[in-house]
Amino acid sequence: SGEVGYVLQDVKELTPEWYSCPAMFRNSNKLYLGKMQDQSVVGDVVLPPWSMQDADIFVRVHRRALESEYVSRNLHHWIDLIFGAKQTGPAAKEAVNVFYYLTYEGRVDLHAITDPLQQRSTRAQISNFGQT
């Protein structure tokens with residue numbers, strides 16, 4: 001219908017697969033996923049150099065980091081940014097945790113936008129990037 005509502009893109013966190021499923025980074029079935037700007041065919045995910053293009057290493061290092069003592073000691077800071085006092089308002093600004101205004105639910109009245117192109121563009125941006 002084109003209406004902006006709940007969409008899966010509303011959440012931009014890493015899913016559990018990043019920490020447990022190396023297969024998600026491989027195009028094992030050789031599906032055609034299009035071409036990149038240089039016209040090369042999209043295949044496996046290009047991983048950072050430290051992983052040596054090995055999805056098993058990439059996942060293992062991510063999981064080790066997630067389960068580290070450092071993360072355990074600092075997880076409450078992340079919780080404050082995502083769910084707590086530093087999510088919006090002056091505390092968010094001080095924590096450099098502010099985003100483009102369209103990412104915040106209720107910051108724009110779509111029905112008040114009279115230019116059809118601007119309204120479609122705004123709806124598309126909200127749909128693609130989500131809102132909190």
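The basis for the numbers below is simple: all heavy atoms, side chains too, and nothing from hydrogens, waters or symmetry mates. When a residue number appears, it is its place in the shown sequence, counting from 1.
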May I ask you to decide if [Y]'s main-chain N or O and [X]'s side chain share a donor-acceptor pair within less than 3.5 Å?
| X | Y | result |
| --- | --- | --- |
| Asp80 | Gly84 | no |
| Ser127 | Arg123 | no |
| Gln119 | Thr114 | no |
| Gln131 | Thr103 | no |
| Ser20 | Pro16 | yes |

In this structure, OG1 of Thr122 is separated from CG of Asp115 (nearest 0.5 Å) by 9.0 Å
Glu94 atom CD: more than 12 heavy-atom contacts under 6.0 Å: no
Residues pairing under ring-ring contact (aromatic ring centres under 6.0 Å, His included) where one sits in residues 41-61, two or more places apart or in two chains, turn out to be Phe25-Phe58, Trp50-Phe58, Phe58-His62
Residue pairs meeting ring-ring contact (aromatic ring centres under 6.0 Å, His included), one or both in residues 83-105, sequence neighbours left out, come to Trp78-Phe83
Tell me, please, which residues at least two apart from [X] pass side chain to side chain donor-acceptor pair (under 3.5 Å).
| X | result |
| --- | --- |
| Ser28 | none |
| Arg120 | none |
| Thr15 | Glu17 |
| Asp56 | Arg26 |

- Query: Is the shortest heavy-atom distance from the side chain of Ile113 to the side chain of Val108 under 4.5 Å?
  - Reply: yes
Any chance you could pull the hydrophobic cluster mates of [X], using side-chain heavy atoms under 4.5 angstrom and chaining through other members?
| X | answer |
| --- | --- |
| Val46 | none |
| Val96 | none |
| Val41 | Tyr32 |

Between Met36 and Val42 the two heavy atoms that sit nearest each other are CG-CG2, 3.7 Å
| request: List the atom of Ala91, the atom of Ala85, and the distance in Å for their closest heavy-atom pair. | output: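 Taking every non-hydrogen atom into account, CB-O, 3.4 Å.
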Solution key, residues 68-75 side-chain donor-acceptor pairs under 3.5 Å, sequence neighbours excluded:
| from | atom 1 | to | atom 2 | distance (Å) |
| --- | --- | --- | --- | --- |
| Ser68 | OG | Ala65 | O | 2.8 |
| Ser68 | OG | Val71 | N | 3.2 |
| Ser72 | OG | Ser68 | O | 3.3 |
| Asn74 | ND2 | Tyr70 | O | 2.8 |

With sequence neighbours left out, the residues meeting side chain to side chain contact (heavy atoms under 4.5 Å, CB included) with Asp109 are His111, Ala112
Side chain to side chain contact (heavy atoms under 4.5 Å, CB included) filter on Leu81, not counting sequence neighbours, yields Lys86, Ala95, Asn97
